[in-house]
Undergrad: 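This is the structure I have questions about; it appears just below.
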2 protein chains.
Amino acid sequence: MRYRATVAYDGTAYIGYQRQADGQTVQGELEKALSKLNKSRPVTVYGSGRTDSGVHAHGQEISFDLIDWKHGIPTMVRALNATLPNDIAVANITIAAENFHPRFAARRRSYRYRIYNAPLRSPHLFRYTWHIARELDLDAMNTAAVALVGEHDFETFGRAPTPGGHTRRRLFRASWSREEEIVAFDIQGNAFLYRMVRNLVGSLVQVGLGNWSPDEIQKRLAQKNSDFCAAPAPPQGLSLIRVEFEE
Amino acid sequence: MRYRATVAYDGTAYIGYQRQADGQTVQGELEKALSKLNKSRPVTVYGSGRTDSGVHAHGQEISFDLIDWKHGIPTMVRALNATLPNDIAVANITIAAENFHPRFAARRRSYRYRIYNAPLRSPHLFRYTWHIARELDLDAMNTAAVALVGEHDFETFGRAPTPGGHTRRRLFRASWSREEEIVAFDIQGNAFLYRMVRNLVGSLVQVGLGNWSPDEIQKRLAQKNSDFCAAPAPPQGLSLIRVEFEE
């Protein structure tokens, strides 16, 4: 039987979502916990997005198969969360179609990047924000961001996840907002290139600091060359907020 | 010259505020950073409250003496924060009276304890909240808490910081509020016994879960005996919010 679930995690302690030969990963912890519910047989978890080392999620979507679970879904949720470490939690488990795959079925992915924009850093937010002391010009950043909405070749701002893969992506939203010291970037797209959100944030911050004019973003996008990208924003500010599937 | 400053910290990585022979402490980190501003000579930091291992602060108040600092206070703030680890930050440095001591001069201390009250735990808040899955009855908890306001002998709920010290304390405020899944306890007093806030929270949660009636708190307070206290709430939910001094 195939199941689908929503996973939230604090990525601080992990070398990323995806299982690797060495090091703690979110996928690895999920598979370890699920195998205990699967008569100790191995379980493979598929996710809708591979978040980098240190990146968080509020709504990663996963699928997995269990051989024979007789105790109902509320018990599955409780058993999984009792086994998982404190920094990973599973919710909204449902039965999925036999051929459901959260990466291929995903139609929209929403990320949020948070900056702590205040003269002094916050010891309570350093795990979840990028600290920038100088005040950012949000109007300029929004002027630059709006030019990114729509379908474009984003080669300047990221690498295709598979070598030789195409680099066109469609953005539905890219906008900045401020609530007191927190400056947040909300971006929604059909899919994202490797490092794309952090690269866009790094470049848009150059606009916000006055180092680049807002139209630099569009000019650099048109170059289709990663030499024109600023350094990526650090990972801890980023969270995968929500994944939407086709109906 | 004596200085006064406000310190915020995430206590997760520390065995408490107070310097000890072994292990990382907030006081130890502050003294290390300050000695670099003091021609490498040792500096002793005095705080207004000794927070336990894992307890946080938004507004701990400290004092320290520097021999001869010629670069002004904004530079002192920048130099200190550049040296301190990410989970400690110093703000509001001012010159203090020669005999100022933040523990003896403090007249009111405010703490906040946060509970994450939702069926599933939050991987983003586990460092800063106590997770309680069953819904808490805030009306009952507030009925019980209000009986604590005023001057009482709190021997049931804490130990004097010095052996044989008296256990009377005056509370100005003790109240619960809810904002979505976060249930917060705001408590303000002239001073607190060792573990007093966590012991009160642990006992008031027994009321909120329906295990104790609200008038149990007052009855147990009258016993003046720590056998009548519930287990303390875990440290990570607690933060020292503010310290006020006499004018």
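Reminder, nothing fancy here: chain letters follow the sequence lines and each chain counts from 1. All figures in this text were calculated on a predicted structure; none of them were measured in a lab.
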Undergrad: Compare every heavy atom of B:P123 with every heavy atom of A:A8, then report the nearest pair and how far apart it is.
TA: O-CG, 3.2 Å

Undergrad: Using 0.5 Å steps for rounding, measure from the CG atom of B:N86 to the CZ atom of A:R121.
TA: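 Nearest 0.5 Å value for the CG-CZ distance: 5.5 Å.
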
Undergrad: So what's closer than 4.5 Å to chain A heavy atoms on B:A57: side chain, backbone, both or neither?
TA: backbone

Undergrad: Side chain from CB out, backbone as N, CA, C, O: work out which of these in A:R78 comes under 4.5 Å of a heavy atom of chain B, or both, or neither.
TA: neither

Undergrad: Identify which of A:L125, A:T12, A:L120 forms the greatest number of heavy-atom pairs closer than 4.5 Å to chain B.
TA: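 The option with the most such pairs is A:L120.
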
Undergrad: Identify which part of A:L84 has an atom lying under 4.5 Å from any heavy atom of chain B, answering side chain, backbone, both or neither.
TA: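 Both backbone and side chain.
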
Undergrad: Would you call the rings of B:H58 and A:H124 parallel, tilted or perpendicular, taking 30° and 60° as the class edges?
TA: parallel

Undergrad: Need one label for B:V90: side chain, backbone, both or neither, based on atoms under 4.5 Å from any heavy atom in chain A.
TA: backbone

Undergrad: Quick one: what part of B:I88 sits under 4.5 Å from any heavy atom of chain A, side chain, backbone, both or neither?
TA: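 Backbone only.
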
Undergrad: By a 4.5 Å heavy-atom criterion (distance strictly below it), what part of A:P85 contacts chain B: side chain, backbone, both, or neither?
TA: backbone

Undergrad: May I ask you to check whether over 12 heavy atoms, not counting those of B:Y46, lie within 6.0 Å of atom OH?
TA: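 Atom OH in B:Y46 is not crowded, with 12 or fewer foreign heavy atoms closer than 6.0 Å.
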
